[in-house]
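See structure below.
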Amino acid sequence: MTLRQTITEKILAAHAGLEEVRPGQLINARVDLVLGNDITAPLAIQEFQKLGLGRVFDPERVVLVPDHFTPNKDIPSAEQAKLVRDFAREYGITHYYEVGRLGIEHCLLPEEGLVLPGDLVIGADSHTCTYGALGAFATGIGSTDMAAALATGEAWFRVPETLKLVYYGSLRPWVGGKDLILYTIGKIGVDGARYMALEFTGETISRLSMPGRFSMANMAVEAGAKNGIFIPDAATINYVEKRAKRPYRLFTSDADAAYAEVIEIDVRGLEPQVAYPPSPENVHPVSEARGIEIDQVVIGSCTNGWLEDLRQAAQVMRGQRVHRRVRCIVIPGTARVMREAIKEGLIDVFLEAGAAVSTPTCGPCLGGHMGVLARGERAVATTNRNFVGRMGHVESEVYLANPAVAAASAVLGRIASPEELV
Amino acid sequence: MRFRGRARKFGDHIDTDAILPGRYLTDWNRDPKSLGRHCFADFDPGFSSRVNPGDILVAGWNFGCGSSRQAAAAALKAAGISCLVAKSFARIFFRNAINIGLPAVECPDLVEEATEGDLLEVAVDEGLLVNVSTGHRYSAGAFPPVVLEILRQGGLVSYVRARLQAAER
C-alpha cells in the first residue's frame, strides 16, 4: 500500500519519477516551467552562459517577463531588460513578453494559461508561489537556481512538511483573500510556515474566487512557506479550461495524509485587515487602523492586480474624489486586465476621481519607480511587503490592505473602511 | 571548508530589502563590487566599512526573508563575509547563499551566546562551530551530501557543469 500523501507530496513525487516522497527527503525533480524577470534573469543568463551549452532545456518551457523596472526607469534598468530581450531572441524563447503586451508575471502566467494544475513551476521571484492557487506546486528560487534549471530542466528540492489551514465561516462584505492571508500571517508569524507547504482548505476557501485564492497563495512566502497550495475544484477547472493549451492533472490530498499541523481558522466576523510596518505579521483590523493619515495609495501588484480587485476599488471610488493630500496610483496586473477595466468603465472611475493609472509594472512595490516614497511619507498599498524602506526612503512607511480599503483610504486621506463610503 | 573570523551580529527577521535595498538591483551588472559597499545601506550604513575580509555574519531567526534577490547573498559575499551562521534562514536566501558558494549554517545556541566581535571558527563539513573568544563549542549537524558537494564545487554552476560533463562521458 502506498503512503497517504498531500497534494504537494504527490506533485513532487510525480515530477521526481517516484511513487511517493516523504517530508525531509531530497529529490531531483523535472520542472514544467522556469520563470525569470528583468531583475533576476540577467544574472541567471550570465551564469547559464558560463556553462557554454548554446541551448536551453526547452525554449517553450522558459518564461521571461521584464516587469519590475519596466517601462525602463533608467539606463541600467534598460540595459538589464535588453540583456533579457537579446537572450530571448538568441535562444528562441517562446514566452518572452514585451512592454505593452506583458503583465506583472504572477498575474500574467495564469491568465495566459501557462501554469496549469499539477505543474511544478520554479521562478526567480519569491512570489512564484502564487500559482499554488491553481493546484500547482510553485516556488521561488534565486538566479543561479534558474541558471541551472535553464540548462537541465531540473531542480533539487527538500520535500516540505505541510501545514494545513482550515477556514470556516462566511466572509463579511469587503473581506476577501487578502484579508484571510494577512490574518493568517498575523496568527502564525512571518516564519510560521518556514520551509513548509501551506495548504489552504475549508468551506470558506471553497467559496473563494480565483483572484482571492491567488492573493492568498501569493503571500504564502510572507509566512516563510516554500509553497502555498489549493486543492483544485470546479472554480479552478472553470478558470483553466478556457486557457489551457496542454493537458493537466488534478491532484488532491488523501483524507488521511500526514500534516505537520492542522490549524482551524474561524473567519466569522473578520474585518478587513491592515498590516502595519515593518512586517506583514503586524496585522490589525481596519477599525483599529482608521484615522492614520496617508500620503499615497497604490492599488495593484502581483497580490491584487486582478480585474476583481479593480472592480472592488472602483466600487468604493465611484463618484468620489481622491483626497487632496493623497496621490492614488492604480496599476492593473496585465494588459488584458487594463483593457477589461477600460471596457467596464473602471479606469474612468479612477481617472474621474483623480487617480493616476499606470501600465502594468511591479514599480512602486519594491521602491523601483512609479511611486517611490520620500522621507516620512506613508502609503496604503495592496502589495505584499511593508519592510523598512520597501517602497522608498528608509523613513517611509507602508500599510498593507485589500483594494477596497486602499480605495477608501485614498478618498478619505487616512486609513479607512469601505463601509464609511459605500 | 573551514572559516575563522570575527562575528558581525544581527537580530531576527532581517529581510533582503534590508540586506540590499531594491534601488541597487541594477548595480551588479556595471560594478559587482559595488554590491558590497551597498550591503545594509539603510539598515546599518557603517557595515561595509566595519567588515574585514573573512568575518562571519551571525544572525537570529529567519535571516534573509522576503525577496528572492540573489544580490542580497552576493552583497554579503562582496562585503567580505566568508560564512553565515543564523538561528534559521529563510529558504530562498539559503538556496542563494549555497548556490554562490557561501556557507549558511544554522546554529541557534552559538548565535544566542555570541557577541559582536567574537572570534569564531566554523568547520562546515563536520558541522562543528567554536566561539574561540568564549571557548564554547557547538554542533550544527552536517549538511546533506548534495549541499556539501555544491559548496565544495564553489557553487551551483560549477556543480551543474561537472554533472553535465559526467553525463557526456
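Because the structure is a prediction, the values reported are computed rather than measured. These values consider heavy atoms only, across backbone and side chains, with no hydrogens, waters or symmetry-generated copies.
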* Take B:Arg152 and B:Asp125 through the salt bridge (Lys or Arg N to Asp or Glu O under 4.0 Å) test and state the conclusion after the steps. => CA-CA 9 Å; B:Arg152 280 200 198 101; B:Asp125 295 52; 3.0 Å; yes
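- In terms of non-hydrogen atom pairs under 4.5 Å with chain B, the most contact-rich of A:Val388, A:Val221, A:Thr40, A:Ile141 is A:Ile141.
- Cation-pi contact between A:Arg194 and B:Trp61: absent, since separation from the ring centre below 6.0 Å together with deviation from the ring axis within 45° is not met.
- Each of A:Leu26, A:Val190, A:Leu366, A:Thr128 has some count of heavy-atom pairs under 4.5 Å with chain B, and the biggest count is that of A:Val190.
- Contact count against chain A (heavy-atom pairs under 4.5 Å) is highest for B:Ser88 among B:Pro144, B:Ser88, B:Pro21, B:Ala73.
- With no hydrogens or angles considered, no side-chain donor-acceptor pair links A:His393 and A:Glu377 at under 3.5 Å.
- Only the side chain of B:Val146 comes within less than 4.5 Å of a heavy atom of chain A; its backbone N, CA, C and O stay farther away.
- Taking chain B as the reference chain and counting heavy-atom pairs below 4.5 Å, the highest number among A:Asp145, A:Leu53, A:Val394, A:Thr152 is found for A:Asp145.
- With 3.5 Å as the limit, one finds no donor-acceptor pair spanning the side chains of B:Asn99 and A:Thr144.
- If you measure heavy-atom distances from B:Ile14 to chain A, you find no contacts under 4.5 Å at all.
- Using modelled atom types and a 3.5 Å distance limit, the side chains of A:His68 and A:Asp125 yield a donor-acceptor pair.
- Put simply, of B:Asp42, B:Asn96, B:Val160, B:Asp15, the one with the most heavy-atom pairs under 4.5 Å next to chain A is B:Asp15.
- Contacts of B:Arg161 with chain A are made by both backbone and side-chain atoms, with heavy-atom separations under 4.5 Å.
- No side-chain N or O of A:Glu161 forms a donor-acceptor pair with one of A:Tyr195 less than 3.5 Å apart.
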